[in-house]
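Shown next, in structure tokens, is the structure this report addresses.
By convention in this document, chain letters (A, B, ...) are assigned in the order of the sequence lines, proteins followed by strands, and residues within each chain are numbered from 1.
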Amino acid sequence: MSLLRKQHSVLPGFGLSLGFTLAYLGLIVLVPLSAAFLKTAGMSWADFVAAVASPRVMAAYRLSFFASLAAASVNAFFGLIVAWVLVRYAFPGKRIVDALVDLPFALPTAVAGIALTAIYAKNGWVGQWLEPHGVKIAFTEIGVFVALTFIGLPFVVRTLQPVLEELQPEIEEAAASLGANRWQTISRVLLPELFPALLTGFALSFARALGEYGSVVFISGNMPMRTEIVPLLIITKLEQYDYRGATAIAVVMLTASFGLLLLINLIQKWSRRHHRV
Amino acid sequence: MSIHVSNIHKSFGAFTALGGVDLNVPAGKLVALLGPSGSGKTTLLRIIAGLDEPDFGSGRIAFHGEDVTRVPAGKRKVGFVFQHYALFRHMTVFENIAFGLNVRPRRDRPPASDIADRVHRLLKLVQLEGLDARFPSQLSGGQRQRVALARALAVEPKVLLLDEPFGALDAKVRKELRRWLRRFHEEIQLTTLFVTHDQEEALEIADEVVIMNQAKIEQVGTPQEVYDRPATPFVYQFLGNVNVLRAPALAPAVTPGGPALVRDGHIYVRPHDIAISPFVAGAGGVEAEIHGIHAAGPQARLSLEQLPGRELIEVELSRSELVGLDLKLYDRVNLRLRRSHCFSEDYAI
Amino acid sequence: MAVVVTSTFVKPRLMAEAPLRATQDPRWVRWLLTGTALVFLAFFLLLPLVAVFGEALRRGLGAYFAAVGDADALASVKLTLIAALISVPANVVFGVAAAWCIAKYSFRGKSLLITLIDLPFAVSPVISGLIYVLVFGAQGWLGPWLIEHDVKIIFAVPGIVLATTFVTFPFVARELIPLMQAQGSEEEYAAITLGANGWQAFWRVTLPNIKWGLLYGVILCNARAMGEFGAVSVVSGHIRGETNTMPLHVEILYNEYNFVGAFAVASLLALLALVTLVLKSIVEWRHAQAHAA
């Protein structure tokens, strides 16, 4: 416990609160998570590679990666516009729109999944108009992308909003007084200021999309090699009682997620330093 | 109730906040802990209150001879007023003041009517009658300050400790409130120690001033003592303006009765302790030339250059004196040091 | 859609010639961006929400209430409430304890601790369920011992509660930690010098100061606890009327092509989401007010 030695304080409760925090963290999070890594450590290298690099799994990685990337990119673009509009412009119903942005956080993913399917299936609300033009969304990769866009949407908006609100108007006025036109002000002054937050929002949205399950399984159709995402593959293996296979894929995903988490922390640290001018 | 502090050490990592401090605060006095920021004065106050502990094994704190070093903050019977007041923002003024009584165990807690009486007496004492239902956010800075004071007094403390009591107030309220605190202290006669970085404040209202610098106490004394007879160059420079002159250059100038000269020492003299007269050859004293005359305000300020040494000297004199002397720019004058101090080394501040 | 009050006496041309401030965009830009944002949000947010209620009521109110009142549906509501009623308070106690030790004391390893608390957010829901199967499942670490003592965790209510607790783990803590750090400890110190003990300082001073932040965390935590799908799906075993939470019941009905039933239960969850958004906005507003004061 020497790592956690504290400086003296007259407020009581340090031992109790820290002890409870560490015990609870250990029991609920750290011990179960370590189970995944320990289970995999018991596998031979060949078994591990066979489990995590079979063609079906590779196809799922590709789909999860590219669909998440596309969804996060679309969210970064539109999220920037939504955040800008919500912070800078006045329009009726703005407060409701602002509250609605959090819907993907509040709406259970399974509900989102069946709703999106009802909209984009070939006889669905929107699907019936697209089908005659040969555009299929539900049960294709595009459906996966649509679901991932839905659940990742709030991340970009909510990361950008506070940064936009704190941008001082003086910065824009200074740029204007130095002769920059509005577009130059935005592209050379505002966007660079917003970039770290935009990148953080993008990364958060991407990370969330990689692990998403509930909203995707209904709309994707779950066809092996085509529309199977990685989390679904884990479920499939579990249902076949292939615990080792499921855990091996889980370890690959966990490693990717923790890498992303580290990256996001680094971006934030970097942007804090960058902004402390 | 007197406060005795002996041999207190406190460090935060590599930084020494207090390096062996001893202090006596006599009962019933209003004492100022004065020093620049980072000198350790707030740390000392917090250690006396029991909010911080001295380094392991060091020091002893006693109230009226009774050792309280191991007594927790809540049982020391100190009233502590925080720099930013630390009023409970979700409680009314009444609830804030009554807090210390309401948290007592049931058997020691006065009945509700007694508590209400005491709160109202205190509100009257700090001149905030009728504001008992307000929340802290609805009060001005000066009013919050007095609520914090009333709250600290409600538990009938044996000593009162105030951390930068006027630090968060604007200049005008500050002046009013510190005079009020002086009168208030005379009324309640409670041993009071307050921290400040404002020398004017300390000199104006304290019975005794404790000057701290770099984790040590430099001098303790009445305002007049510390101002007129600073014990160290730091105190000299910290309390008001001072000219620092290299001693050898002034060797012929110092009048009999001044300090004995030390080789390579420095002479400290306040601008208003220098007498100025029109130049007369061979009159003795320091010869200087006037390089600037600033006559705005009640006091006139002259900047001069000492003639052989080229050292800068500042002199303050009354405006009538200035008019009487009929001085002009680049006039030569004689200077005489009325009162000065000699220290053998130049202390960096 | 920018609100511009135009007087009928002033010709629009004159308005347009008024110089723009340096922080203002031309009107066509404002319209274009606002329009784009609203169309995007309408398609991706509003449409799915409307679709849930539309599909649920497709066969009329009678079919809707029959679906909602179904015994299995009610059992799933009950289980969802039980899971939330256990996991949310557990995470509240944890969040308060974690925020107290992180905000009120300085110790080494603090930033590592904060990162670890956020960890469950980085874990896919499916994996959140899987790890409990690895610990408590029949093939898991404690499996043989649990079978021997006839304790069921996986494919039973305790597993659902554990998985729910895991996925909602950081919500309360991450609201309270920055809030309590920003508030500092001076008020608690003041309470201590006035003779309060630690509990009194916490109940009478700390808690009233963090109540809005705490409530905010509870609202978010509860929404996620009631709506969690992936993690619960792995540990539940999908036993009708016994280990199905509402989201799982939605899935089963949907896969049986009972769309009205699925959307009817889903509409309850959508209502919960809307209530969550409203409460969240109210708390944000109150919190901002408390801070402005």
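Using a 4.5 Å cut-off between heavy atoms, Leu30(A) touches chain C through its side chain atoms alone. Both the backbone and the side chain of Val146(A) come within contact range of chain C, with heavy atoms under 4.5 Å apart. Interface remark: Arg208(A) contributes no atoms to any contact with chain C (heavy atom separation under 4.5 Å). Using a 4.5 Å cut-off between heavy atoms, Ile127(C) contacts chain A through its side chain alone, with no backbone atom that close. Leu153(A) touches chain C through its side chain: at least one heavy atom from C-beta onward sits under 4.5 Å away, while N, CA, C and O do not. Within the 4.5 angstrom heavy-atom criterion, atoms from both the backbone and the side chain of Leu25(A) approach chain C. Of the two parts of Leu41(C), only the side chain, counted from C-beta on, holds a non-hydrogen atom closer than 4.5 Å to a non-hydrogen atom of chain A. Heavy-atom distances place no part of Phe105(A) under 4.5 Å from chain C, backbone and side chain included. No part of Asp98(A) comes within reach of chain C, as not one of its non-hydrogen atoms sits under 4.5 angstrom from that chain. At a 4.5 Å heavy-atom cutoff, the contact between Ile192(C) and chain A is made by side-chain atoms alone. In this structure, chain A has a heavy atom under 4.5 Å from the side chain of Tyr254(C), while its backbone stays farther away. Of the atoms belonging to Val50(C), heavy atoms from both backbone and side chain fall under 4.5 Å from chain A. With a 4.5 angstrom heavy-atom cutoff, Ala201(C) does not touch chain A via any of its atoms. Both the backbone and the side chain of Ala99(A) have a heavy atom closer than 4.5 Å to some heavy atom of chain C. With a 4.5 angstrom heavy-atom cutoff, Ala112(A) does not touch chain C via any of its atoms. Contact annotation for Leu38(A): only side-chain heavy atoms (C-beta onward) come within less than 4.5 Å of a heavy atom of chain C. Neither the backbone nor the side chain of Tyr241(A) comes within contact range of chain C; no heavy atom of the residue lies under 4.5 Å from a heavy atom of that chain.
To the nearest 0.5 angstrom, Thr117(A) atom OG1 is 9.0 Å from Phe259(C) atom CZ. Atom-to-atom distance recorded for Phe20(A):CZ and Phe94(C):CZ is 8.0 Å, nearest 0.5 angstrom. Arg95(A) CZ to Trp285(C) CH2: the interatomic distance, rounded to the nearest 0.5 Å, is 7.5 Å. Note: Tyr24(A) OH to Thr165(C) OG1 = 5.0 Å, rounded to the nearest 0.5 Å. To the nearest 0.5 Å, atom CD1 of residue Ile131(C) and atom OG1 of residue Thr247(A) are 10.5 Å apart. Here CG of Asp102(A) is found 8.0 Å from OG of Ser281(C). Values are rounded to the nearest 0.5 Å.
Contacts with chain A were tallied for Leu272(C), Val265(C), Asn255(C), Leu130(C); Leu130(C) has the most, counting heavy-atom pairs under 4.5 Å. Note: Gly227(C) leads Ser267(C), Ala262(C), Gly54(C), Gly227(C) in heavy-atom pairs under 4.5 Å with chain A. When each of Leu210(A), Ile119(A), Leu261(A) is scored by its heavy-atom pairs under 4.5 Å with chain C, the top score falls to Ile119(A). Per-residue heavy-atom pair counts under 4.5 Å with chain A were compared for Ile117(C), Leu162(C), Leu119(C), Ile102(C), and the maximum is reached by Leu119(C). Contact count against chain A (heavy-atom pairs under 4.5 Å) is highest for Ala90(C) among Ala90(C), Ala42(C), Gly129(C). Top candidate by heavy-atom pairs under 4.5 Å with chain A, chosen from Gly230(C), Ala97(C), Gly95(C), is Ala97(C). With chain A as partner, the option from Lys280(C), Glu228(C), Met226(C) having the largest number of non-hydrogen pairs under 4.5 angstrom is Lys280(C). Options Ala110(A), Ala115(A), Ala106(A), Pro32(A) differ in how many heavy-atom pairs under 4.5 Å they form with chain C, and the most are formed by Pro32(A).
Here the shortest heavy-atom pairing between Trp141(C) and Val31(A) reads CZ3-CG1, 4.0 Å. For the residue pair Val126(A) and Phe43(C), the shortest heavy atom distance occurs at CG2-CE2, 4.4 Å. The minimum heavy-atom distance linking Ile81(A) with Thr36(C) is given by the pair CD1-CG2, 4.2 Å. The heavy-atom pair separating Tyr89(A) from Leu33(C) by the smallest distance is OH-CD1, 3.6 Å. Of all heavy-atom pairs between Pro125(C) and Gly211(A), the closest is CD-O, 3.3 Å. Closest non-hydrogen pair, Leu47(C) versus Trp125(A), comes out as CD1-CE3, 4.2 Å.
Contact of the Val126(C) side chain with the Leu232(A) side chain is not registered, since no non-hydrogen atoms from C-beta on lie closer than 4.5 Å. Residues Pro247(C) and Val111(A) have side chains not in contact (no heavy-atom distance under 4.5 Å, counting atoms from C-beta outward). The closest side-chain heavy-atom distance from Pro104(A) to Leu45(C) is below 4.5 Å.
Every residue two or more places apart in sequence or in another chain was checked for a salt bridge (charged side-chain N to carboxylate O under 4.0 Å, His left out) with Glu165(A), and none qualifies. For the ring pair (Phe, Tyr, Trp, His ring centres under 6.0 Å) test, residues two or more places apart in sequence or in another chain that qualify with Phe78(A) are Phe40(C). Residues meeting the salt bridge (charged side-chain N to carboxylate O under 4.0 Å, His left out) test with Arg58(C), sequence neighbours left out: Glu55(C).
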Val29(A)/Leu116(C) under side-chain contact (heavy atoms from CB on, under 4.5 Å): CA gap, chis, key distance, verdict: CA-CA 9 Å; Val29(A) 178; Leu116(C) 288 177; over 6 Å; no
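With hydrogens and angles ignored, the 3.5 Å screen pairs no side-chain donor or acceptor of Ser17(A) with any backbone N or O of Trp100(C). Side chain of Tyr105(C) to main chain of Phe14(A): a donor-acceptor pair is present (N/O by atom type, distance under 3.5 Å, no hydrogens or angles).
Within 6.0 Å of the CG atom in Leu46(C), the count of heavy atoms belonging to other residues, nucleotides or ligands exceeds 12.
Using bins of under 30°, 30° to 60° and over 60° for the plane-to-plane angle, the ring pair Tyr213(A)/Phe229(C) lands in the parallel bin.
Separation of the Phe44(C) and Phe150(A) ring centroids does not fall under the 6.0 Å cut-off.
Of the residues Leu107(A), Leu103(A), Ile96(A), the one that meets the side chain to side chain contact (heavy atoms under 4.5 Å, CB included) test with Leu277(C) is Leu103(A).
Within residues 132-140 of chain C, the residues approaching chain A closer than 4.5 Å by heavy atoms are, in numerical order, Tyr132(C), Val133(C), Leu134(C), Val135(C), Gln139(C).
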